[in-house]
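Worksheet: the structure to be examined is printed underneath.
Letters go in sequence order (proteins before strands), and every chain restarts at 1. This is a predicted model, so every value here is computed, not measured.
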2 protein chains.
Amino acid sequence: MSYTIKDVAKKANVSIATVSRILNGQAGYSEKTKLKVLKVIEELGYSPNAVARGLINKRTHTIGVLFPKLSSSLVTDLLDGIEKAANENGSSVIVCHTESNGEKTMNYLQLLIEKRVDGIIFASEILKDEYYQYVMKSKMPIVLLSTESYAFPVPYVKVNDFHAAYAAAKYLIDKGHTDIGMISGNKEDIVAGKPRIDGFQKALADHGIACGERNIVNSKGFGFHDGLEGLRKMKEQFPEVTAIFAASDEIAIGVLSAAYQLGIKVPEELSVIGFDNLNLAEMTIPPLTTIGQPLVKMGEASAQMLFKILESGEIPESRIMPHKVVERLSVKERA
Amino acid sequence: MSYTIKDVAKKANVSIATVSRILNGQAGYSEKTKLKVLKVIEELGYSPNAVARGLINKRTHTIGVLFPKLSSSLVTDLLDGIEKAANENGSSVIVCHTESNGEKTMNYLQLLIEKRVDGIIFASEILKDEYYQYVMKSKMPIVLLSTESYAFPVPYVKVNDFHAAYAAAKYLIDKGHTDIGMISGNKEDIVAGKPRIDGFQKALADHGIACGERNIVNSKGFGFHDGLEGLRKMKEQFPEVTAIFAASDEIAIGVLSAAYQLGIKVPEELSVIGFDNLNLAEMTIPPLTTIGQPLVKMGEASAQMLFKILESGEIPESRIMPHKVVERLSVKERA
DNA sequence: CTGAAAGCGCTAACAT
DNA sequence: ATGTTAGCGCTTTCAG
């Protein structure tokens, strides 16, 4: 059992109130007693109990973050930003790994609410009705990160996926490509899947390029294997394709690997543009041209948004973060 | 302000003690009152306050994890395992990002101690004297993950880096290579750097292969860029090299990229073996042969170790986890 | 400038 | 089977 404020008070011959004041930098004590108390604290190695503080202040200086997946550098970068902003704000972050599982998610939500975290960041996943209702009932602040809700008024931080995908397709078009395919990720995914497909289609349409079934391969997810299989399907249904927009960097890397296996040279015979700008993107062969999301900044912004709610009590505006095309070597001007 | 146990008690016409007993599954109430109380809890949407519980039980069901870096898939996999084991144990995990900075680390340690987490996992970094003393003074349990301490009796979970590096070199030797180089990472790093170099050298020596200065390139860190530059240096100082052991997968990927730029074909002209078996390893061109560490399992083991200490009060044995060579396509039998 | 005392929400004796 | 009460370690009136 460690020392308490009482021990400090006794040893310094003052009341616990005085110790508390000194600890919290409030007024009401002489410089002399302050020094005396500080010395005792030092000697005892006293460490204030944040649990007791939390009970009375109704602030735990802890926030909770829900991720569908931990082992992806997308999530890691977001977490990096969140942790950074939280730390600058004197808060800690509890990470929860939902595996996109509804039951697990509800359990985590319950846990975080019981722990009385100051707020919740819900990342990279659809905010279900059930989740929203439960969190609302507890009155706990929540923000969305890299996702958004069409049904509920929850503030979010994210890029505009439609615009970003449009930019990717336009980049390919500007490089002279007209036979352009997309490996889309999950099109059922209303927040990251569908808008990217729509953006891609719109870009082709706006530039007078017909876009039919053969231009798009719908994969199940956004992973490496989806890209690996995706390119094979694409070459079957659209052999003339000269450029591909992958809905994620991991898909793009899968495309790169598949191209290598099939003996297709990137970028000479096939241009590839990704989406996300993960750390991986610069490590591929060739280095991947991609649509960059400011992931770390987005994480930071979401945490800051949460702290703003905590201060002001008001729900802030959502933030659309800027994307940009990061030019590397996987896209080539069409001959 | 949410409801308290008092509100529940009042509305159900029982004492708070009864509510508490029902909440904690203790004996001492009729089925009838239980149902009544449960109904009130449901109606109110009452959620027990874990902060208050923590204050009295001296258990927060939260553990803290310190990482030098967040955005690396090595760390992510470890975290994944930790989070999993913690969740199975009814605990949450707070992540801290130290950036290998002594001051930041001390601040985080202080924070975690004030928050009265149940224990600490210190990962992938040297446990400095200062850290150790501070944690000991608080009597908080601590375990080391993917690192170890020669100076202090702190239990750890890790692979045997010496043996693992030996295995990597031996694998290359068994494939007929004799002109073998190593890109070593930081040799000042006493726990991950040095032992891998030693293991490499021992393997060459045991097989009658001379190992001099030219066989090893000491890079600053374990990252992609270290590999990128590493291969160039290696080719300068040891042009005949036919196989390379990279002290990390990221270094290996850097080597792959550098080889590509230099027009050196992997594995035809140069074999490469990595270390870690990150998710990335299967995504490279060609897929990377590497020494696999069971990262997720290691994370789990470290958390379980912590919980064991919490239960038994005793310091458990450290665990050396098994490594294995994961054969993919970046190493070729020497012609 | 300093102290006494109430109470945050809960658990755990101790009564009844 | 159920209630009363004393804290857990701290902050914060309210007195002096």
Pairwise side-chain contact, Thr62(A) with Asp118(A), heavy-atom cut-off 4.5 Å (strictly under)
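No, side chains not in contact.
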4.5 Å side-chain heavy-atom contact, Tyr29(A) and Val37(A):
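Not in contact.
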For Asp129(A) and Gln133(A), does a side-chain donor sit closer than 3.5 Å to a side-chain acceptor?
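A donor-acceptor contact under 3.5 Å links the two side chains.
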Short side-chain donor-acceptor distance under 3.5 Å, Thr33(B) and Ser30(B)
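Yes, Thr33(B) and Ser30(B) have a side-chain donor paired with an acceptor closer than 3.5 Å.
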For [N], take OP1 and OP2 only and decide whether either is under 4.0 Å from a side-chain N or O of [X].
X: Thr4(A); N: dC8(D); answer: no
X: Ser20(A); N: dT11(D); answer: yes
X: Arg53(A); N: dT11(D); answer: yes
X: Gln26(A); N: dT11(D); answer: no

Applying a 4.0 Å non-hydrogen cut-off, can you work out what [X] is touching in the nucleic acid: base, sugar-phosphate, or nothing?
X: Tyr46(A); answer: sugar-phosphate
X: Ile16(A); answer: base
X: Val51(A); answer: nothing
X: Asn13(B); answer: sugar-phosphate

Check this for me: Gln26(A), atom CD, are more than 12 non-hydrogen atoms of other residues, nucleotides or ligands nearer than 6.0 Å?
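More than 12 heavy atoms, drawn from other residues, nucleotides or ligands, come within 6.0 Å of this atom.
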Do other residues, nucleotides or ligands put more than 12 heavy atoms under 6.0 Å from the NZ atom of Lys115(B)?
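Buried by this count: over 12 neighbours within 6.0 Å.
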Start and end of the DNA chain C segment that chain A contacts, any atom under 4.0 Å from a heavy atom:
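Using the under 4.0 Å cut-off, the span is dC1(C) to dG9(C).
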Residue whose nearest DNA chain D nucleotide is more 5′ - Ser15(B) or Asn57(A)
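Looking at DNA chain D, the more 5' nearest nucleotide goes with Ser15(B).
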Residue whose closest nucleotide on DNA chain D lies nearer the 5' end, Arg21(A) versus Ala17(B):
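The answer here is Ala17(B).
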